[in-house]
Every structure is written in C-alpha cells, then in structure tokens.
Number of protein chains: 2
Amino acid sequence: MSPAVSGLTDHLGYLLRLVSNHVSYAFARRLEAKNVTVAEWTFVRMLYDEEPVSPSALAKTMGLTRGAITKLADRLIAKGFVARKSDQKDRRAQTLRLTAKGERVVPELAAMADENDAQWFGGLSRSERDALKRLLRDMVARFAMTSMPID
Amino acid sequence: MSPAVSGLTDHLGYLLRLVSNHVSYAFARRLEAKNVTVAEWTFVRMLYDEEPVSPSALAKTMGLTRGAITKLADRLIAKGFVARKSDQKDRRAQTLRLTAKGERVVPELAAMADENDAQWFGGLSRSERDALKRLLRDMVARFAMTSMPID
DNA sequence: TATTGTTATACTCTATAACTATA
DNA sequence: TATAGTTATAGAGTATAACAATA
C-alpha cells in the first residue's frame with residue numbers, strides 16, 4: 001500500500017531539482033575561478049556557435065527579457081569577451097559577437113563544464129549516462145524546451 | 001571524432017537543469033492557485049512528517065539560514081498553516097508545528113505535486129521512471145545531498 | 001504605429017551580521 | 001561566552017514598463 005500523502009522524494013520533480021541544483025551550484029563555483037557566471041557561460045557559448053546574433057534573438061533563446069540581455073551584454077563587454085556591432089540595413093538593430101578574447105575563453109569554459117559533468121556523472125556507467133542523456137533529450141524535444149526558465 | 005569544444009546540450013548538467021527548471025517552474029505555477037511557493041510547500045511537507053521541529057533544524061534540512069526560515073515561518077503563520085510554540089525546557093528555543101488548517105492543506109499540495117509529476121514524467125514507461133528515480137536517488141545518497149542549494 | 005535596444009524602477013529571494021534573550 | 005531566534009541591511013538577478021531612435 002502506498003502512503004496516503006506523497007513525500008518530497010517520491011517525486012521525480014523534487015529529485016531532479018535536488019540533483020540539478022547541486023550540479024549547477026558546483027559548476028557556478030568552478031566558473032567563479034574565471035569570474036564568469038552560469039548565465040554568462042550560456043551567453044558566450046551560444047555566440048560561439050552562431051555569431052553574430054541579435055540581442056532579441058538571444059533573449060528568446062535564453063528565456064530572458066531584452067532588458068536582461070542588455071545588462072548581461074554590458075557585463076561581457078566590460079570583461080572584453082563580447083562586442084556590439086550596429087546593423088547596416090536596419091539602424092535600430094544590433095548584432096553581438098565574440099571578441100578574440102571571447103573566442104579564446106569559450107573552450108576553457110567548455111573544459112570546465114566537461115570536468116563538472118565528469119565529477120557528478122563519472123560514477124555512472126557508460127550505458128547509464130547514455131540512457132540518462134537520451135531520456136532528458138527526449139523530454140527536451142517532446143516538451144519543446146527551447147529556452148531556460150529562470151532558476 | 002568528438003567536437004573540439006563541447007556544446008551546452010552535450011552536458012548532462014545542462015540538460016538536467018533545462019528539464020528541472022521547466023518542471024519546477026510548472027509546479028510553481030500550480031502552487032500559485034493555492035497561494036503557496038515551492039519553498040513553502042517544502043517547509044510544510046517536512047513539518048507534516050516530523051513536527052514539532054526547531055527553526056534551526058529546518059534551516060539545516062532546507063539549506064537556508066535561520067533568518068530565511070524566520071521569514072518563511074512568518075509567512076506561513078500569516079497564512080494560518082503553521083504555529084510557533086516556545087520550548088518549556090530551553091526558553092530560547094522554539095518549535096514549529098502545523099495547524100489544523102496546515103494539516104489539511106498538505107495532502108492537497110501533495111496531490112498537486114503528484115499531478116505535476118504525471119504531467120512531465122507520465123510519458124515515460126514505468127521502467128524508465130523507475131530507472132530514473134533509482135539513478136537520482138543513488139546520486140543523492142552517493143553525494144549526500146541532504147539540503148537543497150538555492151535555485 | 002510597430003519594433004529595437006536601453007534605462008529606471010521595483011520586486012523577490014537570500015545572505016551577512018548585528019541584536020535580544022536565555023543558557 | 002555560546003546559542004536560539006529575530007531583524008536590519010544589502011546584494012544579485014530578474015521583470016515591467018516607459019523611453020528614444022528608427023522603421
């Protein structure tokens with residue numbers, strides 16, 4: 001007989017959040033060594049693949065408002081990782097791109113993300129990791145999780 | 001050959017956070033119908049199992065400071081779900097317990113958590129859900145994830 | 001009128017640390 | 001001195017909405 005009132009750890013949602021928060025918190029501590037936040041890492045990693053990109057497009061992808069992107073971009077420009085360029089065709093618009101310094105730092109940050117994954121998921125077997133990754137990617141696709149809701 | 005620079009969705013940490021944030025965000029929207037936050041749900045669910053409990057003990061379990069617990073407790077008392085009682089032996093100490101109203105609301109909130117889990121994980125097979133739950137619980141045990149790092 | 005990006009303001013959540021009362 | 005709980009203050013992160021420039 002199952003308990004009348006389900007407990008916190010009976011829910012996959014709670015277990016997922018418990019583990020996810022630990023993993024992300026540890027990753028944030030790693031990134032601190034480079035004076036970079038998790039949001040900033042996501043920002044520059046997205047630019048690494050498809051620059052130049054408009055602030056509006058980035059806002060949609062990251063699940064933030066345009067105002068929040070402005071402030072994130074300001075910080076990354078101050079750190080020398082990102083540059084703004086005005087669009088020639090539409091003078092209201094801008095594009096954001098990585099600087100040479102930004103291009104250099106992204107692989108370093110990616111390596112830190114690899115290390116963090118190894119720390120937390122290295123204890124799983126290869127097949128367990130693959131199954132978990134496939135399951136999560138299926139959910140991402142099924143529910144069209146394109147942008148990241150705020151932590 | 002693997003890519004030179006790992007991408008966001010190559011990391012289990014990122015996928016976990018993406019899914020976890022969607023699930024938790026949706027749960028928070030559900031709880032809004034009862035004017036309850038996720039932290040408040042966690043608080044009352046913990047009291048449901050082991051009341052009375054001291055604010056200090058709850059702070060450790062929830063991974064918050066004592067000051068944060070004071071404010072959470074204030075809110076839950078204002079909502080009529082929780083009551084403070086002063087300890088007879090040690091007059092510095094207190095215990096927190098659920099009111100009758102609090103005892104009634106916990107099963108309703110637990111049902112909402114069940115529904116949220118069904119919404120997000122109901123598409124998985126029984127064996128997939130069991131495997132995921134076992135894997136997450138193993139990680140919780142292995143890394144001694146007793147308290148919840150801040151979202 | 002609508003859109004792009006910026007800015008001013010406010011809100012939520014939390015930590016830090018000073019504080020009161022008690023041990 | 002140390003501990004339990006409270007409170008004042010500040011900080012980070014974000015949203016909302018008003019704004020200027022351009023379409």
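Chain letters run A, B, ... following the sequence lines, proteins first and then strands; every chain starts at 1.
The distance from atom CG of A:L58 to atom P of C:dT4 is 14 Å, rounded to the nearest whole Å. Note: CD1 (B:I69) to P (D:dT7) measures 15 Å, nearest angstrom. The nearest whole Å value for the distance from the CG atom in B:D90 to the P atom in D:dA2 is 17 Å. Rounded to an integer number of Å, the gap from A:D87 CG to D:dA21 P is 19 Å. C:dG5 atom P lies 12 Å from atom CD1 of A:I77, rounded to whole Å. Counting to the nearest Å, the P atom of C:dT6 and the CZ atom of A:R84 are 4 Å from each other. When the C1' atom of D:dA20 is taken as reference, atom CZ of A:R91 falls 14 Å away, rounded to whole Å.
Both A:D74 and B:K89 lie near DNA chain C, and the one whose nearest nucleotide falls closer to the 5' end is A:D74.
In this structure, B:K85 contributes its side chain and B:P52 its backbone to no donor-acceptor pair below 3.5 Å. Counting only distance, with no hydrogens or angles, the side chain of B:R75 and the backbone of B:V36 share no donor-acceptor pair below 3.5 Å. Counting only distance, with no hydrogens or angles, the side chain of A:K79 and the backbone of A:N35 share a donor-acceptor pair below 3.5 Å.
When distances are taken from the side chain of A:Q94 to each of D:dG5, C:dA21, C:dG5, the shortest belongs to C:dG5.
Within a 6.0 Å sphere centred on CZ of A:R29, other residues, nucleotides and ligands contribute more than 12 heavy atoms. Surrounding CZ of B:F143 are more than 12 heavy atoms belonging to other residues, nucleotides or ligands, all under 6.0 Å away.
For DNA chain C, the neighbouring residues in residues 45-57 of chain A, judged by any heavy atom under 4.0 Å, are A:S54, A:P55, A:S56.
Using a cut-off of 4.0 Å between Lys/Arg side-chain N and Asp/Glu carboxylate O, B:R134 and B:D138 are scored as salt-bridged.
Contact annotation: the side chain of B:L31 never approaches that of B:T37 to less than 4.5 Å [non-hydrogen atoms, C-beta and beyond].
A donor-acceptor contact under 3.5 Å links the side chain of B:R92 to the base of D:dT3.
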Next on the checklist: Quick one, A:W120 with A:F27, criterion ring-ring contact (aromatic ring centres under 6.0 Å, His included). Give me CA distance, side-chain angles, the key distance, then yes/no.
Outcome noted: CA-CA 10 Å; A:W120 293 95; A:F27 183 42; over 10 Å; no

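Of the N and O atoms on the side chains of B:S54 and B:S56, not one donor lies less than 3.5 Å from an acceptor on the other residue.
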Item to check | Protein proximity profile, nucleotides 10-16 of chain C - base contact B, sugar-phosphate-only contact S, no contact -, cut-off 4.0 Å on heavy atoms | outcome: ---SBSB

